[in-house]
Amino acid sequence: MHLKNLRLLNFKNYEDVYIEFTSKINCIVGENGSGKTNMLDAMHYLSLTKSAINSIDIQNIRHESIFFTIKGTFNKSGRDHEIFCSLEKGKKKVFRQDNTEYEKLSEHIGQFPAVLIAPGDNEIIRDGNDIRRKYFDTILAQIDHQYLLDLMDYNHNLRQRNSLLKFFRDNLSADPDLIEPYNHNLLDLGQKIHQKRKNFADRYFPVFEEKYAFIAENKEKTTISYVSQFDEIDYENTLKTTLSHDIEAQRTSFGIHNDKWELMINGRRLKNFGSQGQQKTFVIALKLAQYDIIKEEKGFAPLLLLDDIFDKLDDRRIHKLMGMVAADYFSQIFITDTRPERTKSILSSLSLEGNIVAINDGKIIK
Amino acid sequence: MEYPSQHIEEAVNEISKLPGIGKKTALRLVLHLLKQPNAETRSLAQALIRMRDETKFCKVCHNISDREICRICSSPRRDNTIVCVIEDTRDVMAIENTGQYLGLYHVLGGVISPIEGIGPDNLNISSLLKRINASDSNVKELILALNPTMEGDTTSFFITKKISRSGLKVTSLARGVPVGGELEYADEITLGRSITARIHYQPN
């Protein structure tokens with residue numbers, strides 16, 4: 001799969017641009033603040049219906065405009081598909097494939113997958129469990145649509161249950177018959193999601209390990225473990241015992257919304273004990289494993305969006321990384337860089353050719 | 001928007017409070033009424049007032065009715081051993097239009113949704129329980145015909161819990177491929193359910 005072209009109207013710092021891409025390597029070069037990341041973000045929109053950076057859609061409209069439009073043509077298995085995304089202030093986001101509007105945005109997710117490697121990624125290591133859950137959920141949602149639907153239902157049920165807990169507390173009464181449907185859904189959907197996360201972890205981890213070893217070239221022992229309250233044998237009974245505590249706390253203390261993905265290096269927490277270099281390698285290996293798994297699952301390569309990675313990695317790692325991703329003839333890659341000469345020299349040292357898109361202040365100059 | 005008359009503005013504001021009607025549509029309706037003979041508007045207004053003042057809700061099933069007890073509940077031809085539980089009057093009308101059902105109804109007036117502050121006490125659930133537990137009740141079967149949303153399912157689950165000791169037969173609507181529909185157009189969830197809940201072949 002590849003993105004043939006992109007049209008941006010009033011999106012972030014772009015007023016009106018149209019660009020065509022090659023199906024292999026595309027280098028987006030320009031000064032800081034010229035709009036390189038914004039261009040990758042537009043591709044992220046077309047893939048995942050939202051921004052990778054700013055989750056408030058309206059803030060992605062160009063200053064003093066009232067709408068933005070992102071349009072792109074993907075080629076998948078020899079056929080063109082036009083994806084259209086538009087947001088007008090005060091209205092609902094419109095998302096279309098080949099002029100047909102989606103009833104639900106979730107229907108689009110996974111059809112045109114993309115993997116973004118960006119400077120902000122170290123939040124996966126640094127931040128809380130919710131960020132890691134979200135990271136792995138996004139991968140799972142792209143390869144398993146039913147997983148996404150179950151997760152959305154689970155979260156809806158959780159909100160209903162939490163509202164009910166508040167209602168119980170305010171009314172100083174708790175009808176066990178009334179909480180039971182929510183417990184039932186929580187267990188039923190939770191069990192399905194847990195099983196899928198577990199299977200995914202088993203499949204993902206060896207791929208990750210292989211990527212890490214390849215980039216790092218050393219024998220650090222890395223582990224990703226998936227930990228859930230559903231791992232306990234007697235988990236179904238746990239929920240029955242937590243009601244009074246839950247009412248007091250007004251939140252549900254048991255469920256897959258508490259699941260943890262633990263990242264370890266040499267048996268210790270990566271966040272506290274990994275060096276800067278180890279953390280960077282870890283994040284890139286996470287993303288490359290994600291790329292491989294999506295590719296294997298879909299039967300075609302997702303877009304690979306590499307945002308500003310050259311500044312963050314040493315030359316040796318960059319060469320390994322580029323060698324790895326460019327080895328696959330069928331993958332389309334987008335790289336941003338502030339220094340065009342550096343990109344060119346890295347590509348030529350690997351005998352690769354790249355299509356250079358030079359931008360300045362939201363305009364295409366080459 | 002600037003209106004040439006305050007009366008027009010008032011009418012537009014009132015009409016645009018209705019679901020699905022914005023200011024522009026409201027203005028179009030108002031201007032239309034203004035063109036019609038005076039009597040038309042008068043009879044519309046009277047119909048609305050009468051509708052609001054005189055519509056009653058059946059004391060037994062809570063369906064909209066002109067009488068204390070609605071036509072369905074008071075009909076001797078209806079089977080009083082079956083009660084079909086639905087969300088609102090529109091569902092009664094939909095099932096009545098099939099001509100396939102001769103039992104009685106019970107209108108809940110909504111479904112349980114704590115997020116929206118709707119609990120069992122805001123719905124006609126206690127009257128349903130009273131109705132089926134009454135000493136002179138002939139009810140043997142309860143059909144749960146709520147919409148197949150998470151809230152509908154939760155409400156069905158709750159009602160089932162509440163009557164589990166009554167020994168009543170509880171059924172729900174079959175879910176599956178639409179009659180006359182083509183399989184390839186059925187959504188995956190519906191088709192999946194139809195496969196798991198398949199039935200013995202019966203020639204039509």
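Computed from heavy atoms alone, side chains included, the values below leave out hydrogens, waters and symmetry copies. Keep in mind that this is a model prediction, so the values were computed, not measured. Chain naming here is simple, since letters A, B, ... match the order of the sequence lines and numbering starts at 1 in each.
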Novice: Can you establish whether the number of heavy atoms outside A:Arg133 located under 6.0 Å from its atom CZ is more than 12?
Specialist: yes
Novice: Just wondering, more than 12 heavy atoms not from B:Gln36 lying within 6.0 Å of its CD?
Specialist: yes
Novice: Check the surroundings of atom NZ in A:Lys76: do more than 12 heavy atoms from other residues, nucleotides or ligands lie under 6.0 Å from it?
Specialist: yes
Novice: Within a radius of less than 6.0 Å around CG of B:Asp66, do more than 12 heavy atoms belonging to other residues, nucleotides or ligands occur?
Specialist: no
Novice: Heavy atom to heavy atom, less than 4.5 Å: which residues from residues 67-98 of chain B reach chain A?
Specialist: none
Novice: So for B:Ile112, is it side chain, backbone, both, or neither that comes closer than 4.5 Å to the heavy atoms of chain A?
Specialist: both
Novice: State, yes or no, whether a side-chain contact exists between B:Glu151 and A:Gln160 at a heavy-atom distance under 4.5 Å.
Specialist: yes
Novice: In terms of heavy-atom pairs under 4.5 Å, which option from A:Leu149, A:Asp175, A:Asn162, A:Asn185 contacts chain B the most?
Specialist: A:Asp175
Novice: Does any donor atom in the side chain of A:Gln146 or B:Glu188 lie under 3.5 Å from an acceptor atom in the other side chain?
Specialist: no
Novice: Name the region of A:Leu189, side chain, backbone, both or neither, that has any atom closer than 4.5 Å to a heavy atom of chain B.
Specialist: side chain
Novice: Is it the case that over 12 heavy atoms from other parts of the model lie below 6.0 angstrom from the CG atom of B:Leu48?
Specialist: yes
Novice: If the condition is side chain to side chain contact (heavy atoms under 4.5 Å, CB included), which residues does A:Glu236 pass it with, not counting sequence neighbours?
Specialist: A:Leu187
Novice: What do you reckon, is NZ of A:Lys89 surrounded by more than 12 foreign heavy atoms closer than 6.0 Å?
Specialist: yes
Novice: Which residues in residues 152-162 of chain B have any heavy atom lying under 4.5 Å from a heavy atom of chain A?
Specialist: B:Thr154, B:Phe157, B:Phe158, B:Lys161, B:Lys162
Novice: Mind checking which of residues 115-131 of chain B sit less than 4.5 Å from chain A, heavy atom to heavy atom?
Specialist: B:Ile115, B:Pro120
Novice: Output the distance between atom CG (A:Asp153) and atom OG1 (B:Thr149), rounded to the nearest 0.5 Å.
Specialist: 10.0 Å
Novice: Is the number of heavy atoms from other residues, nucleotides or ligands within 6.0 Å of CZ (B:Arg175) greater than 12?
Specialist: yes
Novice: Can you tell me how far the CZ atom of A:Arg159 sits from the OG atom of B:Ser113, to the nearest 0.5 Å?
Specialist: 10.5 Å
Novice: For the NZ atom on A:Lys198, are there more than 12 heavy atoms of other groups (residues, nucleotides or ligands in this structure) within a distance under 6.0 Å?
Specialist: no
